[in-house]
Chemist: 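Structure below; questions to follow.
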Amino acid sequence: MEKVNASEAEFQLPVTVWEEIFKHLNVDQLKQSRSTCRYWKVVIDGSHTLMKRFHLVFPEGYVLDRFIHRPPTIPARSVTFERCRISSVDSWWTIVGEKLIHLTVKDCQMSFPTLQKMLERTPKLERLDYLCGKYPAVCISEGVPLEKLHHLTVDNPCMDVLDAFGTMCPNLFRFSLLQQSDKKKVLKFLKGKKETLREVELTTLAYSLNVLLQIKGLTGLNIGHEVTSDEILCIIGKGLPQLKSIAVKMTKNAVLEPSFLATMPELESLTITSQTCRGRQKLNLGGFENSKLRHLSLAHVEFGAFDTD
């Protein structure tokens, strides 16, 4: 058995004590501490809380192919690929992916099957941002289910990806769709996830309103991309009175009168954007009372009141 002198024994404080100390360091200090000794490296790498603070970003123009064998030196919990070219997933990705909880793929040149191979090696993934709006996905097939994936954002002109994600995300909690080019695919996806979804972001309600009203567990709705009338929002409030968060863009009127708020008694967060970008529009909240509202965000809108003359 290897002998440890007294000074070394004192230096090796309990893991929980070191974790509490390291929580007070910034990321650069944490990286430096991680390189100081093997014991600190083990403590930091083994802490989910500390490792969540590391975000690995692959530089623009980076090429990942079968010739890349050296993994990053820090097994970060969050990884971003932006404007990279990814043609192959070699064994090094297993080292990165096995503890990954958040993956962002933005404007990357890569096939959807390659993305699926990456996801097969991320068993702990909780969030995926697939933001490749300039590169339509092709050759799509079902992938391996990711049981812990709860948050999905999709920006791609090919709605066939929704069929694949429908299988890959059995426990989806939050869903953001930044392009809606195929009505049938979108409705099919939403219907398939209505038992698990709690938060949804869509660019339009043109054909999805009836399906959204069937998601009885829905507590968050973002439709800030499309101009929405107060009448439609009243229908949403009456159908989903449990909503706690909503973001909307309202029609241009002399004074905005969000009477839909009276149909949402559980609302805690409200974001309102005016249809007009020239000057500021008046908002009248007279008569609305809600003790649960904690967050209010206004864009091109200011508080006002009716002219009583």
Side-chain angles (χ1 to χ4, degrees), residues 80 82 104 106-107 127 129-134 151-157 174-181 183 186 190 197-213 215 218-309:
T80 294
E82 184 168 359
T104 299
K106 184 176 181 180
D107 294 333
R127 175 173 177 175
D129 298 322
Y130 178 56
L131 311 175
C132 293
K134 299 178 181 179
H151 187 169
L152 173 66
T153 299
V154 176
D155 181 10
N156 195 274
R174 183 176 182 181
F175 176 58
S176 298
L177 185 61
L178 306 185
Q179 292 192 50
Q180 294 177 227
S181 58
K183 171 182 176 180
V186 175
L190 292 175
L197 281 176
R198 296 296 179 266
E199 300 179 27
V200 172
E201 177 182 5
L202 298 175
T203 60
T204 178
L205 288 176
Y207 52 80
S208 56
L209 179 58
N210 289 336
V211 175
L212 287 175
L213 295 177
I215 307 177
L218 199 64
T219 58
L221 181 60
N222 186 333
I223 45 177
H225 304 279
E226 176 187 62
V227 177
T228 308
S229 68
D230 186 70
E231 291 76 13
I232 294 296
L233 294 171
C234 284
I235 293 174
I236 292 174
K238 292 175 181 178
L240 301 170
Q242 75 283 1
L243 278 178
K244 295 183 178 181
S245 173
I246 190 165
V248 297
K249 178 182 288 186
M250 296 195 66
T251 53
K252 180 180 179 181
N253 298 307
V255 177
L256 294 178
E257 300 177 68
S259 63
F260 69 89
L261 296 176
T263 67
M264 301 177 183
E266 302 299 319
L267 203 64
E268 298 175 358
S269 176
L270 170 64
T271 299
I272 298 180
T273 302
S274 171
Q275 180 184 3
T276 179
C277 293
R278 296 181 179 179
R280 289 182 175 271
Q281 200 164 349
K282 299 294 184 180
L283 173 69
N284 177 38
L285 289 178
F288 172 69
E289 296 182 4
N290 186 342
S291 60
K292 295 186 178 181
L293 191 63
R294 296 290 182 269
H295 176 265
L296 177 63
S297 177
L298 304 176
H300 307 293
V301 177
E302 64 183 15
F303 288 110
F306 285 118
D307 184 358
T308 57
D309 294 338

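Scope of the values below: all heavy atoms of this structure, side chains included, with no hydrogens, waters or symmetry mates.
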Chemist: Listed by chain and number, what are the ring-ring contact (aromatic ring centres under 6.0 Å, His included) partners of Phe260, not counting sequence neighbours?
Modeler: none
Chemist: Do Ile272 and Met250 come close enough that some side-chain heavy atom pair is under 4.5 Å?
Modeler: yes
Chemist: Is a side-chain donor or acceptor of Asn284 paired with a backbone partner of Glu257 at a separation under 3.5 angstrom?
Modeler: no
Chemist: Would you check if Leu213 and Leu240 make a side-chain contact, meaning some heavy-atom pair closer than 4.5 Å?
Modeler: yes
Chemist: Would you give the length of the straight line joining atom CD1 of Ile223 to atom OG1 of Thr228, rounded to the nearest 0.5 angstrom?
Modeler: 4.0 Å
Chemist: What's the spacing between Ile235 CD1 and Asn210 CG if we round to 0.5 Å?
Modeler: 9.0 Å
Chemist: Answer yes or no: is there a donor N or O on one side and an acceptor on the other, between the side chain of Glu268 and the main chain of His295, under 3.5 Å?
Modeler: no
Chemist: Mind running side chain to side chain contact (heavy atoms under 4.5 Å, CB included) on Leu202 and Val200 for me, showing each step along the way?
Modeler: CA-CA 7 Å; Leu202 298 175; Val200 172; 3.6 Å; yes
Chemist: Check whether any side-chain heavy atom of Leu152 sits under 4.5 Å from a side-chain heavy atom of Val154, and report yes or no.
Modeler: yes
Chemist: Would you compute the distance between atom CG of Leu296 and atom CG of Leu283 and round it to the nearest 0.5 angstrom?
Modeler: 7.5 Å
Chemist: Side chains of Leu177 and Thr203: does their closest heavy-atom pair fall under 4.5 Å?
Modeler: no
Chemist: How long is the gap from CG on Asn222 to CZ on Arg174, to the nearest 0.5 Å?
Modeler: 8.5 Å
Chemist: Quick check for you: to the nearest 0.5 Å, what is the distance between Met264 atom CE and Leu293 atom CG?
Modeler: 12.0 Å
Chemist: Indicate yes or no for a side-chain donor-acceptor contact from Gln180 to the backbone of Thr204 under 3.5 Å, with no hydrogens or angles considered.
Modeler: yes
Chemist: In chain order, what residues pass the salt bridge (Lys or Arg N to Asp or Glu O under 4.0 Å) check against Glu201, with sequence neighbours excluded?
Modeler: none
Chemist: Looking only at atom types and distance, does a side-chain atom of Thr219 sit under 3.5 Å from a main-chain N or O of Arg198, one as donor and one as acceptor?
Modeler: yes
Chemist: Is the number of heavy atoms from other residues, nucleotides or ligands under 6.0 Å of Lys249 NZ greater than 12?
Modeler: yes
Chemist: Where is the tightest heavy-atom contact between Gly133 and Pro157, given as atom of each residue plus distance?
Modeler: O-CD, 3.3 Å
Chemist: With rounding to the nearest 0.5 Å, note down the distance linking OG in Ser259 to CG in Leu261.
Modeler: 8.0 Å
Chemist: Can you find a heavy atom in the side chain of Leu197 that is under 4.5 Å from one in the side chain of Leu190?
Modeler: yes
Chemist: Assess whether side chain to side chain contact (heavy atoms under 4.5 Å, CB included) is satisfied between Thr273 and Val301, documenting all intermediate values.
Modeler: CA-CA 7 Å; Thr273 302; Val301 177; over 6 Å; no
Chemist: Side-chain contact test, heavy atoms from C-beta onward, threshold under 4.5 Å: evaluate it for Leu178 versus Leu131 and give yes or no.
Modeler: yes
Chemist: Could you list the residues that satisfy salt bridge (Lys or Arg N to Asp or Glu O under 4.0 Å) with Lys292, not counting sequence neighbours?
Modeler: Glu266
